[in-house]
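Values reported hereafter were calculated over all heavy atoms of this structure, with side chains retained and with hydrogens, waters and symmetry mates removed. Counting convention: from 1, in listed order, for ligands and their atoms alike.
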Amino acid sequence: MLQVKNVTRMFGPKAAVDNATFVIEKSAFVGIIGRSGAGKSTLLRMMNRLTDATSGEIVFQGLNVLGLQGAARRAWQGQCAMIFQQFNLVPRMDVASNVLHGILNRRSTLSTVMNLWPQADIVRALTILDRLGIAEQAPKRAEALSGGQQQRVAIARALMQDPQVILADEPIASLDPMNAQVVMDTLRRIHDEDGRMVIANLHTLDTARRYCDRVIGMRDGRIVFDGTPDLLTTAAARDIYGADDTFNEAATSTAIPAATAYAEALLA
Ligand SMILES: Nc1ncnc2c1ncn2[C@@H]1O[C@H](COP(=O)(O)OP(=O)(O)OP(=O)(O)O)[C@@H](O)[C@H]1O
Ligand SMILES: [Mg+2]
């Protein structure tokens with residue numbers, strides 16, 4: 001169980017996340033939605049300890065995540081793997097090595113530099129790639145793969161850590177619809193088959209409705225919706241994404257995903 005209690009993150013005078021409180025049961029697949037700047041990434045990054053919270057508590061199965069330092073913090077980061085929109089692979093490195101780097105923090109620098117991996121780890125990496133349907137890509141450079149394949153490599157790298165929690169920050173925002181579906185299906189399968197908690201920031205309502213057991217909606221740092229997808233009515237979506245006057249701003253900024261989501265909300 002993950003408990004987020006009154007978590008706030010200030011950037012100067014502005015609260016990127018404002019007093020967020022919720023509890024996620026172990027088995028949940030949760031989507032976080034909201035327009036650009038709502039605080040979705042900051043929230044995930046605080047869970048993973050990539051960003052410090054200003055106040056509040058995050059507790060995972062009794063462990064006070066925000067209090068962890070040094071090795072304990074790194075161990076927690078191993079337990080909650082992060083997946084990013086831009087995959088964050090090493091482009092010129094082969095796929096198998098990218099996956100093996102998921103367990104980097106357990107290895108000595110020398111063996112990493114020499115690219116010396118224990119046989120058991122290599123077998124495990126290949127098994128995971130096989131499970132995700134991309135075993136044949138193992139020897140190729142990561143940059144030679146399609147976006148959807150690269151994101152599956154990133155998921156494989158995350159699985160290499162054997163994490164209890166997978167945090168995905170807009171995992172499909174850079175993908176075409178076909179690849180987006182494959183990646184979301186993969187995340188859902190990992191959740192269903194392994195019982196891992198998945199929390200994903202998603203930029204379309206449609207994806208949130210289709211894949212999530214529960215959706216958390218953020219607006220201006222605050223949680224303004226928390227419920228099952230069937231409760232995500234047009235009115236609720238409007239509450240999350242904001243009214244017409246703010247839409248123009250989103251449409252003219254670089255925040256295309258938010259604008260798309262808003263348009264979807266209106267069409268829903
Ligand atoms: N390092 C930072 N320094 C200053 N302000 C920041 C920083 N990171 C985030 N912010 C601000 O915090 C707010 C929330 O940002 P965040 O990236 O969490 O939003 P988001 O919901 O993930 O948006 P997007 O959909 O565009 O990814 C924004 O106003 C943003 O400008
Ligand atoms: Mg973000």
Novice: Check this for me - ligand 1, Gly37, N or O atoms closer than 3.5 angstrom, yes or no?
Specialist: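 Yes, at least one N or O pair falls under 3.5 Å.
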
Novice: Looking at Tyr211, does the NZ or CZ of Arg209 lie under 6.0 angstrom from its six-membered ring centre and within 45 degrees of the ring axis?
Specialist: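 No, cation not above the ring by the 6.0 Å, 45° rule.
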
Novice: Which of these, Thr42, Thr51, Ile32, has its nearest heavy atom closest to atom 18 (O) of ligand 1?
Specialist: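 It is Thr42 whose heavy atom sits nearest to atom 18 (O) of ligand 1.
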
Novice: Is Thr42 close enough that one of its N/O/S atoms sits under 2.8 Å from the Mg ion (ligand 2)?
Specialist: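 No - counting backbone and side chain alike, Thr42 has no N, O or S atom under 2.8 Å.
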
Novice: Gly34 to ligand 1: N or O pair under 3.5 Å?
Specialist: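 No, there is no polar N/O contact under 3.5 Å.
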
Novice: Could you check whether atom CD of Glu136 has more than 12 heavy atoms from other residues, nucleotides or ligands sitting under 6.0 Å from it?
Specialist: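 Yes, the 6.0 Å shell around CD holds more than 12 heavy atoms from other groups.
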
Novice: At a non-hydrogen distance cut-off of under 4.0 Å, which region of His203 contacts ligand 1 (side chain, backbone, both, or neither)?
Specialist: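 No part of His203 comes within reach of ligand 1.
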
Novice: Under 4.0 Å between a Lys/Arg side-chain N and an Asp/Glu carboxylate O for Asp162 and Arg196?
Specialist: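 Between Arg196 and Asp162 there is a salt bridge, with a charged N closer than 4.0 Å to a carboxylate O.
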
Novice: Anything under 30° is parallel, anything over 60° is perpendicular, the rest tilted; go ahead and classify Phe29 against His191.
Specialist: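 Rings of Phe29 and His191: perpendicular, as their planes differ by over 60°.
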
Novice: Within less than 4.0 angstrom of ligand 1, does Arg45 place any heavy atom?
Specialist: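 Distance cut 4.0 Å: Arg45 fails for ligand 1.
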
Novice: Regarding ligand 1, does Phe11 bring an N or O atom to under 3.5 Å of one of the ligand's N or O atoms?
Specialist: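 Among all N and O atoms of Phe11, none is under 3.5 Å from an N or O of ligand 1.
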
Novice: Contact between ligand 1 and Arg9 is defined here as a heavy atom of the residue under 4.0 Å from a ligand atom; is it met?
Specialist: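 Checking ligand 1 against Arg9, which is what was asked, there is no heavy-atom contact under 4.0 Å.
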
Novice: Could you go through the side-chain contact (heavy atoms from CB on, under 4.5 Å) check for Gln77 and Arg49 one step at a time?
Specialist: CA-CA 7 Å; Gln77 288 176 328; Arg49 291 296 310 277; 3.9 Å; yes

Novice: Quick one: does Glu170 get a heavy atom under 4.0 Å from ligand 1?
Specialist: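 The answer is yes, since Glu170 has a heavy atom less than 4.0 Å from ligand 1.
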
